[in-house]
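What follows is a set of notes on a single structure, which appears directly below.
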Protein chains: 2
Amino acid sequence: MSDQLALENQVCFPIYALAREIVNHYRPFLDELDITYPQYLVLLVLWKETELAVGQLGERVFLDTGTLTPLLKRMQQKELVSRQRSTQDERIVMVSLTPKGIKLKEQACSIPQKLMESMQVTPEELNLLKEVVCRILNKQK
Amino acid sequence: MSDQLALENQVCFPIYALAREIVNHYRPFLDELDITYPQYLVLLVLWKETELAVGQLGERVFLDTGTLTPLLKRMQQKELVSRQRSTQDERIVMVSLTPKGIKLKEQACSIPQKLMESMQVTPEELNLLKEVVCRILNKQK
DNA sequence: TAAAATTATATTGCACACAATATAATTTAC
DNA sequence: GTAAATTATATTGTGTGCAATATAATTTTA
């Protein structure tokens, strides 16, 4: 009869710990680009979409405006993105990449490879992990 | 040839998202005990160990003193833990549970079950997930 | 069509998370 | 035995995360 309330028996704790470990592994590579991990996530979306409302961006990266608004302002200060209210609907703020933001993709392209090496994971482990994690994540809706 | 720099091709992003989703699922249950998720992790350790130095606690939950010191002070204010410098070595601060902190375990024992139901995961999924995550986590040392 | 409801973003407040630095106590090396 | 190095915790500063609330614009409804 094992103790449910023991750290070593928790499933969520390793996920929580791994998530932070991942961000820490990204850090040196992202430092070179002067961005943080959540900012990198925003860039990953914008490199595909060019222009998106704050709310749509939030749906993609699972972050709300309380997190995104100040984050986007910091990215604006670094001249990576521009923010401007839609003229059609003035409630909406459209976010788009600046030339500097677009150009950053060139420096970022080697990051996925570097990260995998840094974390010493095999593609097989990654795929298995992604499959299980996404299956659970999709249940949350 | 798929784009490595696409959010849907990232493995780390789902883990990052799932970790936050987990904390959000814990929130309503932990709110009842007036604690946060990292505070819950500290309690999980202390319910086993009774007394531990700040540094040892940090090794268990993978948090450094910049996070732990203020967190423990908040727990002290809520009278869940006590902190006192070791007389043997005055650099060391020993953390232990107060009677209130010990008693909280009774209210916490139902949380693991509640969480699993809340997240709609099967024990099989959990075990598979834990195995893969821990394998990768252990590589980081 | 004007009040009510909804929508989109912003603000505030609190609690992490972590790098960098500081401080104080203990060990070590000479 | 004392200066230097190490160890343990604390502090500071920046950047998330997220709940709760605010604000302003648009849409719905009576």
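These numbers come from the heavy atoms of this one structure, side chains and all, not from hydrogens, waters or symmetry mates. Within every chain, numbering begins at 1; the chains are lettered A, B, ... in the order of the sequence lines, protein sequences first and strands thereafter. A quick note: this is a predicted structure, and the numbers were derived from the prediction, not measured.
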What is the distance, to the nearest angstrom, from the [atom1] atom on [X] to the [atom2] atom on [N]?
X       : N      : atom1 : atom2 : value
B:Leu18 : D:dG17 : CG    : P     : 15 Å
A:Met94 : C:dA8  : CE    : C1'   : 12 Å
B:Ile92 : D:dT6  : CD1   : C1'   : 13 Å

Qualifying residue for side chain to side chain contact (heavy atoms under 4.5 Å, CB included) with A:Pro14, from B:Leu129, B:Val132, B:Ile136, B:Leu137: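 With A:Pro14 as partner, side chain to side chain contact (heavy atoms under 4.5 Å, CB included) holds for just one option, B:Leu137.
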Does [X] place a side-chain N or O at less than 4.0 Å from the phosphate oxygens OP1/OP2 of [N]?
X       : N      : value
A:Arg85 : C:dT9  : no
B:Arg20 : C:dC16 : no
A:Asn24 : C:dC18 : yes

Among [range], which residues get a heavy atom nearer than 4.0 Å to DNA chain C?
range                     : value
residues 67-80 of chain B : B:Thr67, B:Leu71, B:Arg74
residues 26-34 of chain A : A:Arg27
residues 48-66 of chain A : A:Ala53, A:Val54, A:Gly55, A:Thr65, A:Gly66

Any pair counted as side-chain hydrogen bond (donor to acceptor under 3.5 Å, both in side chains), so long as it reaches residues 91-100 of chain A, sequence neighbours left out: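 Applying side-chain hydrogen bond (donor to acceptor under 3.5 Å, both in side chains) to every pair that reaches into residues 91-100 of chain A, excluding sequence neighbours, yields A:Ser82-A:Ser96, A:Asp89-A:Arg91.
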Under the rule for salt bridge (charged side-chain N to carboxylate O under 4.0 Å, His left out), what residues qualify as partners of [X], not counting sequence neighbours?
X        : answer
B:Glu131 : B:Arg135
A:Lys48  : B:Asp3
B:Lys103 : B:Glu106
B:Glu49  : B:Arg60

5' priority, DNA chain C, between A:Tyr16 and A:Val93 [closest heavy atom]: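 So the residue in question is A:Val93.
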Distance-only donor-acceptor hits, side chain of residues 31-41 of chain A, under 3.5 Å, sequence neighbours excluded:
{"residue": "A:Thr36", "atom": "OG1", "partner": "A:Gln39", "partner atom": "N", "Å": "3.4"}
{"residue": "A:Gln39", "atom": "OE1", "partner": "A:Thr36", "partner atom": "N", "Å": "3.3"}
{"residue": "A:Gln39", "atom": "OE1", "partner": "A:Lys78", "partner atom": "NZ", "Å": "2.8"}

Which atom names give the shortest non-hydrogen contact between [X] and [Y], and what distance separates them?
X        : Y        : value
A:Val95  : A:Arg83  : CG2-CG, 4.4 Å
A:Val61  : B:Arg20  : O-NH2, 3.2 Å
B:Lys139 : A:Val121 : NZ-CA, 4.0 Å

Look for any protein N or O under 3.5 Å of an N or O in nucleotides 25-28 of chain D and output each such pair with its distance, or none.
{"residue": "D:dT26", "atom": "OP1", "partner": "A:Gln88", "partner atom": "O", "Å": "3.4"}
{"residue": "D:dT26", "atom": "OP1", "partner": "A:Glu90", "partner atom": "N", "Å": "3.3"}

Exceeds 12 heavy-atom contacts within 6.0 angstrom, atom CD of A:Gln88: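 Not more than 12 within 6.0 Å, no.
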Partner residues of B:Thr69 under the side-chain hydrogen bond (donor to acceptor under 3.5 Å, both in side chains) criterion, sequence neighbours left out: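 Listed in chain order: nothing, the list is empty.
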Donor-acceptor pairs under 3.5 angstrom involving side-chain atoms of residues 50-58 of chain B: please list them, not counting sequence neighbours.
{"residue": "B:Gln56", "atom": "OE1", "partner": "B:Ala53", "partner atom": "N", "Å": "3.0"}

